There are 2 protein chains.
Amino acid sequence: MKNAGVHHPIFDEIADLARTLGHAHRLVLLRHIADGELAVEQLTQLSGIALANTSQHLQHLKRAGLVQTRREGKRVLYRLADGPIENVLAALRSLANHRREQIRELINDTMSRPDRLENISREELVRRMRNDEIVLLDVRPQEEYAAGHLPGAINIPVDELEERLAELPREKVIVAYCRGVQCVLSADALAILRARGWASRRFEGGFPEWLTSGLDVDGMNYESG
Amino acid sequence: MKNAGVHHPIFDEIADLARTLGHAHRLVLLRHIADGELAVEQLTQLSGIALANTSQHLQHLKRAGLVQTRREGKRVLYRLADGPIENVLAALRSLANHRREQIRELINDTMSRPDRLENISREELVRRMRNDEIVLLDVRPQEEYAAGHLPGAINIPVDELEERLAELPREKVIVAYCRGVQCVLSADALAILRARGWASRRFEGGFPEWLTSGLDVDGMNYESG
DNA sequence: CAATCAATCAATCAATACATTGAATGAGAG
DNA sequence: CTCTCATTCAATGTATTGATTGATTGATTG
């Protein structure tokens, strides 16, 4: 029952090779050696690995047949052995890159619908306004703000935002809004706020959604409309 | 002084990958998975690795992003992840083969002058003939044998050797000889004998050297010459 | 030959990796 | 809901691996 697993010894040999490549120090050393014959001490300087440690890793590489040595005076020069060594390294590098890209894509997937965290619904907005948990930021031009805005909203047009950040409290969540879904002003504002470290969200519907919901507004034209 | 060795983190990632490939069991599992989706237990049977152990190695492969899983009923099916995984395996295999060939060549180097062990000097030959330690084998054509041969030699022409091996004792060392240094008959005979497991050597000088040394010969023409 | 330099060896310790065992989970089947 | 099957988890003991230190070898220089 045990002999089912008697596999070709080539697997052991490949595993040995792979294990030899399975240490960053050895990869770094190989990388340098690949550029030309180098003595041990030069390698320690290039790699920053302690002398004795470098020597040990080099011997490991040598045992595995990946490098060869030659003595010149008191120094021992290491060079790449022949054989398709660089192919293996290239293949590994390529696979690592592939993997890294996939991870990057995964991150982007969760970043490309940050809408849930970025956007705030009207319901949540109203609720948190009542609890005084947020600060409303109207980023439309001053004229539009004057014509009507959400209750208690501060007006800082996007192009002035950078210079007037000091007017915003750090301890509350900033909710930016503008003319509505097709308007990018509040999105731009968010980029600025988040870059500066503010906790900030966006009311995507903006002033129009607020209006059509029949909620109270501040501002002259709507005072009694 | 320590920061000289701050290398690109890609080396760590590659090292992780390589270390993942650095175990024969995982290579075997990968090998099977590469042929198509397989459940854990099927893999244990194909590989002969204990169940829990198989599972652990599979998870290792999964963590490294080399395989992916899918549940089907109670079974979990493992398949190769995408990316240039097989390239890496092929490159490693090729490097291992290269290395193996080089080792084979090294062995051949020490085998290609096995003359010391293969050839027997006239002195040693005579001594061991006296001690009855060897069997002399004349591989020349029967006519030449009849015309004269070393004392006690058996005659089996090379082209009959394969069929007549039974005539040779297994417990003694066979010493083959033929027409001399430039004659390959005895070398061919040796190849056959050794392939069949006989302890055998070659008297390279052959019949001519024996003659010129003035030693006794058997056979008509030389009985009194 | 003593002194020096480059590299390796040897010994030690901490950290990891593997195999094995038995328990725990998850999914169907009765 | 219990039972079984496939797989995973958790815990344990052992073996390897890697880093560090200090001693040692080999070759060169004065």
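All heavy atoms count here, side chains included; hydrogens, waters and symmetry mates do not. In the text below, chain A, chain B and the rest are named by the order of the sequence lines, each starting its count at 1. In this text the structure is predicted, and so the values were computed from the model without any measurement.
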Starting from P on dA6(C), measure out to CD on Glu41(A) and report it in whole angstrom. 5 Å
Need to verify one output field. Residue with the more 5' nearest nucleotide on DNA chain D, His25(A) or Lys74(B)? Lys74(B)
Counting side-chain heavy atoms from C-beta on, which of dA7(C), dA19(C), dA19(D) comes nearest to His23(A)? dA19(D)
Whole Å only: how far is the CD atom of Glu37(A) from the P atom of dA7(C)? 12 Å
Taken to the nearest whole Å, CD/Glu72(A) to P/dG26(D) is 19 Å
Would you classify Gln59(B) as touching base, sugar-phosphate or nothing, given that sugar-phosphate means primed atoms plus P, OP1 and OP2, and contacts are heavy atoms under 4.0 Å? sugar-phosphate
Taking atom P of dC18(C) as reference, at what distance in whole Å does atom CG of Leu51(B) sit? 18 Å
A side-chain contact here means heavy atoms from C-beta on lying under 4.5 Å apart; do Leu161(A) and Leu168(A) qualify? yes
Whole-Å distance between dG26(D) P and Arg71(A) CZ? 9 Å
OP1, OP2 of dT16(C) versus side-chain N and O of Arg19(B): anything below 4.0 Å? no
How long is the span from the CG atom in Leu51(A) to the CD atom in Gln56(A), to the nearest 0.5 Å? 10.5 Å
By nearest atom, which of the nucleotides dT7(D), dA11(D), dA7(C) is closest to the Val76(B) side chain? dT7(D)
For dT8(C), take OP1 and OP2 only and decide whether either is under 4.0 Å from a side-chain N or O of Tyr78(A). yes
Could you check whether Ala52(B) gets within reach of a base, just the sugar-phosphate, or nothing at all, counting any heavy atom under 4.0 Å? base
Tell me: CD of Gln56(A) to C1' of dC9(C), nearest whole Å? 9 Å
Salt bridge or not between Glu13(B) and Arg99(A)? Use side-chain N to carboxylate O under 4.0 Å. no
Could you say whether Gly73(A) or His57(A) is positioned toward the 5' end of DNA chain D, judged by the nucleotide with the nearest heavy atom to each? His57(A)
If dT7(D) has a Watson-Crick or G-U wobble mate with both distances under 3.5 Å, name it; if not, just say none. dA24(C)
Between dA10(C), dA7(C), dT8(D), which one does the side chain of Ser55(B) approach most closely? dT8(D)
Strictly below 4.0 Å: does Arg75(B) bring a side-chain N or O up to OP1 or OP2 of dG28(C)? no
Output yes when Arg196(A) and Glu162(A) qualify as a salt bridge under the 4.0 Å nitrogen-oxygen rule, no when they do not. yes
If you check every side-chain atom of Ala50(A), which of dT17(D), dT20(D), dA19(C) has the closest atom? dT20(D)
Answer yes or no: is there an ion pair linking Arg128(A) with Glu124(A), defined by an N-O contact shorter than 4.0 Å? yes
Watson-Crick or G-U counterpart of dA2(C), or none if no pair lies under 3.5 Å: dT29(D)
Separation of dG18(D) P from Leu27(A) CG (nearest whole Å): 12 Å
Would you mind reading off the distance between His60(A) atom NE2 and dC9(C) atom C1', rounded to a whole angstrom? 17 Å
Closer than 4.0 angstrom, basic N to acidic O: yes or no for Arg201(B) and Glu118(B)? no
